[in-house]
2 protein chains.
Amino acid sequence: MPPIKVKMLETEGGKGGAKAAPSKRPRAQTRIQREKQEVILEAALDVFSREGFRGATIDQIAEAAGMSKPNLLYYFPRKEEIYQRLLAEMLDIWLAPLREIDSVGDPVPELRSYLRRKLEMSRDYPRQSRLFANEMLQGAPRVLEMLETDLKALVDDKAKVIEGWMDAGKIVRTDPYHLIFSIWATTQHYADFDVQVRAVLGKDRGGEGRFEDAARFLENLFLHGLLPK
Amino acid sequence: MPPIKVKMLETEGGKGGAKAAPSKRPRAQTRIQREKQEVILEAALDVFSREGFRGATIDQIAEAAGMSKPNLLYYFPRKEEIYQRLLAEMLDIWLAPLREIDSVGDPVPELRSYLRRKLEMSRDYPRQSRLFANEMLQGAPRVLEMLETDLKALVDDKAKVIEGWMDAGKIVRTDPYHLIFSIWATTQHYADFDVQVRAVLGKDRGGEGRFEDAARFLENLFLHGLLPK
DNA sequence: CAGAAATTTGACCAGTTGGAAAAAACGTTA
DNA sequence: TAACGTTTTTTCCAACTGGTCAAATTTCTG
C-alpha cells in the first residue's frame with residue numbers, strides 16, 4: 001500500500017535542500033542535509049503540535065532546532081512544506097495499526113492488539129497525535145480530501161471485517177464505524193489530553209504506569225462492558 | 001458550587017466595556033454593550049476554536065463580528081481577555097454534566113444519562129469543545145492549575161461514587177478514573193474530530209443522525225461490551 | 001432639543017512575521 | 001592549495017500583529 005500523500009503545493013517534488021540549481025539535475029543529498037533536515041523536523045514537530053500551523057513561527061522552530069531562521073529556510077524554503085512533511089509522516093504512522101487488522105483473525109486478539117497498538121502510539125508518538133488533532137480542530141484543510149477517499153475506503157474495508165465477526169456470532173451486533181471511532185477516541189485521548197489526564201490522576205498515579213492502567217481498563221471495557229454478567 | 005475561575009490577568013475585574021472612568025464608580029452596562037459583547041464573544045468562539053489562541057487574530061474576530069478592530073477593542077481591550085472569558089464559560093458548561101452524577105442513583109441510568117448529556121454537549125456546543133481541546137493541546141497554560149485542583153477534586157469525588165457502585169456489586173470492578181476518561185474521550189470525539197467522523201461516515205450516514213447512532217453504540221459499549229454473553 | 005455620555009472611526013505605531021538576497025565562511029576534492 | 005559547491009550569516013523588507021489615541025459620530029437623558 002502506497003504511503004499517504006498530503007496534497008503538496010508547488011513544492012518542486014518536496015525534495016528540500018539546496019536552492020534549485022537552475023536546470024541542472026539535482027545532486028544527491030549531503031550528510032549535513034539529511035542531519036539538519038532531521039533536526040528541523042524534530043523541532044518543528046514540537047512547535048507545530050503545540051501551537052498549530054498558524055500559531056507556530058519559523059523563529060520558534062529555528063530556535064528549537066538551534067539554528068538561525070534563514071539557515072532553516074535554506075533547508076525548507078516554506079513553513080508550509082515542513083508542516084506537510086510532518087503531517088504526511090504522521091498519517092502513515094497513524095494508520096499502520098488499522099491496516100494490520102486481519103480479517104482471518106479472531107476478534108478478541110485482533111481488537112485487543114489494535115487497542116494496544118493504538119495506545120502505544122499515544123505513548124510513543126504523542127506529538128504526532130497532537131499535530132493531527134490540531135489539524136482536525138482546524139477542519140482538516142490539508143487532509144480533508146484524503147480523509148474522504150483513502151481513510152474512508154480503509155475504514156469501510158475494516159468495517160466489513162468487523163461485520164464478518166458479527167455474522168459469525170463472535171461479537172455482538174453493533175455499529176462498526178462507531179466502534180472504530182471509540183477506539184480512536186479512547187486511545188488518542190491519552191496523547192491529546194495528556195495534561196488533563198496527568199492533572200486528574202495526580203502525582204502518584206500520573207506516572208508512566210497510567211498507560212498500563214489504561215490498557216487494562218480499555219480491554220475490559222471493550223470486551224465486557226461495565227455490567228456484571 | 002461556584003463557577004470555575006480562570007486565572008484572570010489584571011483585567012480590572014473583567015467587567016469589560018467603557019474605558020475605566022477614572023475613580024468614578026462604573027455605570028451599569030448599556031444595551032449596546034451587552035449586545036456587542038455577545039456578538040464579539042460569538043465571533044471569537046468561532047475563530048479561537050478553529051485557530052487556537054495564537055493562531056487567531058483580532059482582525060479575524062472583528063471581521064466575523066462585523067465591526068472594526070478598534071471598535072472591538074473598545075469592548076474587550078485585550079485579546080487575552082476575550083479568550084479567558086470564553087474558556088471560563090466553557091469550563092462551566094463542560095463540567096455541569098459531571099457534577100450532576102448522583103451518588104444515590106443507580107449506575108445504569110446515571111451512566112446512561114451522563115453519556116447522553118456529554119454527547120449532547122458535543123452536538124450542541126462543538127466549538128466550545130474544540131476551544132477546550134485547543135487549550136489542552138497547548139499544554140493547558142491557562143487552566144492547568146484549576147485542572148489540578150478543582151477538576152481533580154471533582155473527579156476524585158465522582159470516582160468515589162463509582163467505587164461505591166462497585167462495592168455494591170452493581171458494576172464490574174474497574175478503574176473509575178479511566179472510566180471517566182473514556183466517557184470524555186468518546187463523547188468529545190464527535191465534536192473535536194467532527195470533520196473526520198463526517199468524512200468517514202460519508203454523505204449518507206454523516207447527517208445529524210450520527211449522534212443518535214453514536215448514543216446507541218456508546219450505551220451498548222459501556223454497559224455490555226462487545227462479547228456476547 | 002441641548003448637552004453629556006457612549007460609540008465608532010481613521011490614522012498611527014512598534015514589534016513580529018514569513019521570506020528574499022547577497023555576501024561571507026566552510027568543506028571537499030582534484 | 002585552488003577552485004568549486006555547500007552552508008551559514010547578515011541585512012533587509014513588506015505585510016501583519018496587538019494595541020493606542022484623538023477626533024468624529026451616534027445615542028441617551030433631562
Side-chain angles (χ1 to χ4, degrees), chain A residues 9-12 15-40 43-44 47-48 50-85, chain B residues 9-12 15-40 43-44 47-48 51-86:
Chain A
L9 309 183
E10 18 54 72
T11 316
E12 210 224 327
K15 146 204 51 13
K19 250 146 200 165
S23 74
K24 267 193 184 175
R25 124 182 99 81
R27 306 210 159 202
Q29 282 204 328
T30 314
R31 170 187 52 94
I32 296 187
Q33 270 173 28
R34 253 167 302 146
E35 286 174 7
K36 296 265 161 142
Q37 285 186 24
E38 205 35 59
V39 173
I40 291 170
V47 180
F48 279 133
R50 227 183 317 116
E51 313 277 3
F53 179 74
R54 287 223 49 197
T57 75
I58 300 184
D59 274 308
Q60 279 175 87
I61 300 171
E63 195 191 334
M67 66 185 73
S68 69
K69 177 170 64 167
N71 197 180
L72 182 150
L73 285 167
Y74 170 71
Y75 293 101
F76 291 93
R78 311 269 144 205
K79 182 187 175 187
E80 183 76 39
E81 211 174 305
I82 310 176
Y83 186 76
Q84 304 226 5
R85 269 279 286 267
Chain B
L9 309 182
E10 17 55 72
T11 315
E12 208 223 329
K15 145 203 54 15
K19 250 147 199 165
S23 75
K24 269 193 183 176
R25 122 183 101 82
R27 306 209 162 201
Q29 282 204 329
T30 311
R31 168 188 55 94
I32 295 186
Q33 271 173 29
R34 255 167 300 145
E35 286 173 7
K36 297 265 162 141
Q37 285 186 24
E38 204 36 58
V39 173
I40 291 170
V47 180
F48 279 133
E51 312 277 2
F53 180 74
R54 285 223 51 196
T57 74
I58 300 185
D59 274 309
Q60 281 176 85
I61 299 171
E63 194 190 334
M67 66 184 73
S68 69
K69 178 169 62 167
N71 197 181
L72 183 151
L73 286 166
Y74 171 71
Y75 293 101
F76 292 93
R78 311 273 143 201
K79 183 187 175 186
E80 183 77 39
E81 210 175 306
I82 310 176
Y83 186 76
Q84 304 227 5
R85 268 278 287 266
L86 290 172

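By convention in this document, chain letters (A, B, ...) are assigned in the order of the sequence lines, proteins followed by strands, and residues within each chain are numbered from 1. FYI, side chains are in, hydrogens and waters are out, and symmetry mates aren't considered; it's all heavy atoms of this structure.
- The separation between B:Phe76 atom CZ and C:dT7 atom P is 13 Å, rounded to whole Å.
- Using cut-offs of 30° and 60° for the angle between ring planes, the B:Phe48 and B:Phe53 rings count as parallel.
- Summarising the local packing, CD of B:Glu63 is surrounded by 12 or fewer heavy atoms from other residues, nucleotides or ligands at distances under 6.0 Å.
- Rounded to whole angstrom, the span from the CD atom of A:Glu63 across to the P atom of C:dG18 amounts to 14 Å.
- To the nearest 0.5 Å, atom CG of residue B:Leu72 and atom NZ of residue B:Lys69 are 10.0 Å apart.
- The phosphate of C:dT7 has OP1 or OP2 within less than 4.0 Å of a side-chain N or O from B:Tyr74.
- For the pair B:Leu73 CG and C:dG10 C1', the interatomic distance rounds to 14 Å; values are reported in whole Å.
- Residue A:Ser68 places none of its side-chain N or O atoms closer than 4.0 Å to OP1 or OP2 of D:dT8.
- Between the NZ atom of A:Lys79 and the C1' atom of D:dA15 there is a distance of 14 Å, rounded to whole Å.
- Among the protein residues, B:Ala56 comes within range of the sugar-phosphate backbone only, with heavy atoms under 4.0 Å from sugar or phosphate atoms but none that close to a base.
- Two residues, B:Lys36 and B:Arg54, neighbour DNA chain C, and the one matched to the more 5' nucleotide by heavy-atom proximity is B:Lys36.
- You'll find that the side chain of A:Tyr75 is closest to D:dT8, out of C:dA20, D:dT8, C:dT8.
- The phosphate of C:dT9 has OP1 or OP2 within less than 4.0 Å of a side-chain N or O from B:Asn71.
- Atom CD of A:Glu80 is separated from atom P of C:dT17 by 18 Å (rounded to the nearest Å).
- The CE-P distance, from B:Met67 to C:dT9, rounds to 9 Å in whole Å.
- A sub-4.0 Å separation between OP1 or OP2 of D:dT7 and a side-chain N or O of A:Gln33 is present.
- Distance, B:Leu72 CG to D:dT20 P: 13 Å, rounded to whole Å.
- Side chain to side chain, B:Glu80 and B:Gln84 meet the donor-acceptor criterion of an N or O pair below 3.5 Å.
- Taking all atoms of both residues into account, the shortest heavy-atom contact from B:Ala44 to B:Ile82 is CB-CG2, 3.5 Å.
- When the side-chain nitrogen and oxygen atoms of A:Arg78 are compared with OP1 and OP2 of C:dA20, one or more of them lie within a distance under 4.0 Å.
- Rounded to whole Å, atom C1' of C:dG19 lies 7 Å from atom CD1 of A:Ile58.
- Evaluation of atom-type donor-acceptor distances gives a pair under 3.5 Å for the side chain of A:Lys69 against the base of C:dG18.
- Here A:Thr57 lies in heavy-atom contact (under 4.0 Å) with sugar-phosphate atoms only.
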